[in-house]
Amino acid sequence: MKKKLNENYGYIFEQALLNEIEEVGKLQHLNEGETLINIQQKVLYMPLLLNGAIKIMREDDRGDELLLYYIEIGDTCSMTLNCCMGESLSEIKAIAEVDTEVILIPIQKMKEWLRKYDSWMKFVFDSFYNRTNEMLEAIDTLAFLDMKERLIKYLKDKAFINHTTSLNATHRDIASDLNTSRVVISRLLKKIEQEKKIKLYRNKIEVLEV
DNA sequence: ACATTAAGTGATT
DNA sequence: AATCACTTAATGT
């Protein structure tokens, strides 16, 4: 853990803070598809991403999901930052997009470190800024793009996060991430394929134009 | 060979 | 863009 921590955060945090993180943090491995936190669950830890990627989903009361954005290396989730004052319930659902390693930090430490370490404060503010921007982008996407454009963006993002143009996903999965129906996705994918931007297979999509 | 699941399609709203 | 109803294709047992 020490090594991985240093690789990813060695340049951001001072040594004393790194030591504390090592002391109180728990290393956790998440397999692809595993849930880090679910909606309405108590937020007890703040995750520091070491590698991999996590997708952040919103969910309505019927259980319909919507992909908001991804969290990547060196990131944390700002939703947990809101919670540093006390226990609260998660507004979002976080699922590992690929195999992922995180360090879990008890949220009580967050407040304490804010006063103690400049680098921590800077990190928290930066994270806030980054998440807010991603949130705005998610809103723009929803408000201004039609389903076809959303789908293309989705494919690009997914290819980027997974570091491959060969995506393993069913039309059903995609429809659920975008909160639409499978039929719609199938038809749009067909169109996009005809435009030579992707190639379709069973359970798999090859992204050609990136 | 049969059941299950993924994907394609026309028609309707 | 969503839904229905149905078909076809791929895959697992």
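A note on names: the letters A, B, ... follow the listed sequences, proteins ahead of strands, and every chain is numbered from 1.
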For the side chain to side chain contact (heavy atoms under 4.5 Å, CB included) test, which of A/N203, A/L189, A/V183, A/L188 pairs with A/H171? A/L189

Nearest-angstrom distance from the residue atom [atom1] of [X] to [atom2] of [N]:
X	N	atom1	atom2	result
A/E149	C/dA1	CD	C1'	14 Å
A/N203	C/dT11	CG	C1'	9 Å
A/Q194	B/dA7	CD	P	17 Å
A/D146	C/dA2	CG	P	11 Å
A/D64	C/dA1	CG	C1'	15 Å
A/M147	C/dA2	CE	P	5 Å
A/L200	C/dA10	CG	P	13 Å
A/N168	C/dT11	CG	C1'	15 Å

Taking atom types as they are modelled, would you say the side chain of A/R202 forms a donor-acceptor pair with the base of C/dA10 within the 3.5 Å cutoff? yes

Ignoring hydrogens and geometry beyond distance, is the side chain of A/R182 in donor-acceptor contact with the base of B/dA7 at under 3.5 Å? yes

Pairwise distance CD(A/E59) to CG(A/D61) - rounded to 0.5 angstrom: 9.5 Å

NA contact type, A/T170, heavy-atom cut-off 4.0 Å: base, sugar-phosphate, or nothing? sugar-phosphate

Would you check if the distance from the ring center of A/Y117 to the ring center of A/F13 is below 6.0 Å? no

If you assign A/K204 and A/R187 each to the DNA chain B nucleotide with the nearest heavy atom, which residue ends up on the more 5' nucleotide? A/K204

With a 4.0 Å limit, can you tell me whether A/H171 has a side-chain N or O closer than that to the phosphate oxygens OP1/OP2 of B/dT5? no

Quick one: is B/dT9 close enough that its OP1 or OP2 comes under 4.0 Å of any side-chain N or O from A/K190? yes

Pair A/Q15, A/N19: side-chain N/O donor-acceptor within cut-off below 3.5 Å: yes

For the pair A/S176 (side chain) and A/R172 (backbone), establish whether a donor and an acceptor sit closer than 3.5 Å, ignoring hydrogens and angles. no

